[in-house]
Amino acid sequence: MISVDQASAAAQPQGVIPSFGERRRDPTRWAAQEPVRLVGVSKVYPGTDAPAVAGLDLRIEPGEFFSLLGPSGSGKTTTLRMLAGFERPSAGKVFLGDTDITDVPPYRRPVHTVFQSYALFPHMNVRQNVGYPLRMSGVPKREIRTRVDEFLERVAVTQFVDRMPHQLSGGQRQRVALARALVAKPQLVLLDEPLGALDLKLRQEMQVVLQHLQREVGITFVYVTHDQGEALAMSDRIAIMADGKVHQIGSPQAVYSRPETAFVARFVGRTNLLECERVGNARVVSGDLELRVGETPSESRFFLSVRPEALRLGDAAVDADNVLDGFVEEAIYQGADVELRIRAVSQLLIARAAVGRHEVGSAVRVGWDVADAVAVRAEPTTEARVG
Ligand code: ADP
Ligand code: MG
């Protein structure tokens with residue numbers, strides 16, 4: 001179904017000839033990049049109760065590499081399809097700059113979508129595939145050749161120009177699909193898990209290609225992924241989604257080091273989450289433990305997130321703000337280091353340690369400083385959703 005959408009979208013001029021509203025017959029007006037906004041957007045699919053997307057407010061800046069990150073079913077693809085125009089929001093509006101494009105069909109949006117399934121035309125060679133959007137918008141032949149060559153060079157597939165898609169590897173096909181997405185210089189490129197079918201090494205290689213390409217051409221990317229490593233590596237900003245809601249929007253550093261909800265803390269990187277309760281106005285307890293904490297949410301129940309690498313072990317833990325005595329329940333060898341599962345009072349904590357330093361069953365003191373822990377909410381607040 002997706003490839004049908006892609007084909008019908010690709011069968012139309014992409015990002016070159018807008019023909020609605022005041023922009024009619026003035027394609028140059030699309031040339032300047034504009035922010036993309038989702039305002040109060042919800043989507044309830046027919047025959048379902050729970051909204052796939054609920055009350056989304058997003059603003060994506062021109063030239064930004066923006067990722068939608070979340071587990072399967074969190075509403076990422078639905079959000080992307082509403083940006084592309086393949087789905088109509090049940091409520092809310094989509095804007096490009098000041099123009100309401102909620103009811104503008106996909107082929108009239110200056111948008112190109114790249115899917116995991118590549119969706120190259122099987123009967124066209126590489127050069128023809130990449131030139132297609134330009135041919136459709138009536139760009140002169142000579143210019144098509146120059147621009148196709150330019151973009152094939154950017155994605156480093158110049159030696160395959162005469163090959164058919166089935167003669168290419170997955171990584172090469174994805175490079176061609178990228179060149180085709182960018183060649184007509186759309187305002188917005190939407191990518192739905194485009195690297196999902198590639199093996200890890202190729203995926204990491206393509207992450208670098210994608211990131212450099214996006215920075216070079218300066219076109220706004222909205223990138224959907226369930227892979228937090230991918231989102232952290234490439235994005236300017238990330239929106240973290242769960243159950244159709246955005247939990248947090250921020251730079252990779254911000255969402256990793258200052259998560260706002262328990263979900264974000266857990267989904268972005270590994271962490272220890274301690275369920276906490278405020279008792280009186282100064283004390284915070286987690287189970288049987290009394291903890292020293294920094295700033296906390298206004299709710300009386302919250303979670304404390306402590307990254308494994310923030311835990312100090314043995315002698316190093318002695319003067320930490322919070323100190324617990326425990327023992328090593330499990331040690332999982334990970335090559336460069338070891339992940340320890342430490343049972344301490346009522347908590348099971350994950351820590352990182354040098355290989356061979358701590359034996360399974362041995363006692364170990366574990367501690368962390370107030371500054372290295374982040375208090376997070378159980379659920380997102382309304383403010384957290386405003387980008
Ligand atoms: P993601 O891309 O994050 O995996 P989706 O946007 O595909 O999430 O799906 C969000 C929710 O909407 C899921 O619960 C999914 O089952 C549901 N959904 C997606 N597409 C449809 C559809 N065409 N009809 C009914 N439900 C759908
Ligand atoms: Mg999806």
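Both counts, for ligands and for their atoms, begin at 1 and track the order of listing. Nothing fancy with the numbering, it's 1 onward along the sequence.
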Which atoms form the tightest heavy-atom contact between V148 and G131, and what is the distance? CG2-CA, 3.5 Å

Closest non-hydrogen contact found for T271 with P308 is CA-CD, 3.9 Å

Examine ligand 1 and decide if any of its atoms is less than 4.0 Å from a heavy atom belonging to P71. yes

Compare all side-chain heavy atoms of R163 with those of N125 and state whether any distance is below 4.5 angstrom. no

Is any side-chain heavy atom of K76 closer than 4.5 Å to a side-chain heavy atom of T79? no

Select the closest option to atom 11 (C) of ligand 1 among G70, A52, G47, judged by heavy-atom distance. A52

Out of G244, G73, S72, who is nearest to atom 10 (C) of ligand 1 when you count heavy atoms only? G73

At less than 4.0 angstrom from any non-hydrogen atom of T77, what atoms of ligand 1 do you find? 1 (P), 2 (O), 6 (O), 7 (O)

A student checking ligand 1 against S74 at a 4.0 Å heavy-atom cut-off should list atoms 1 (P), 3 (O), 8 (O)

Residues 44-54 vs side-chain hydrogen bond (donor to acceptor under 3.5 Å, both in side chains), sequence neighbours excluded, gives Y45-T78

Go around the Mg ion (ligand 2) and count every protein N, O or S atom nearer than 2.8 Å. 1

For R301, look at atom CZ and say whether over 12 heavy atoms of other residues, nucleotides or ligands are found less than 6.0 Å away. no

On the ring face of F151, is R154 found with NZ or CZ under 6.0 Å from the centre and within 45° of the axis? yes

Please output the side-chain donor-acceptor pairs of residues 353-362 that fall under 3.5 Å, not counting sequence neighbours, one pair per line with the distance.
from: S362; atom 1: OG; to: E359; atom 2: O; distance (Å): 2.7

Does any N or O atom in K76 lie less than 3.5 angstrom from one in ligand 1, N or O only? yes

If you measure every N or O of G75 against every N or O of ligand 1, does any of those distances drop under 3.5 Å? yes

Remaining members of the apolar cluster that contains V39, side-chain heavy atoms under 4.5 Å: F95

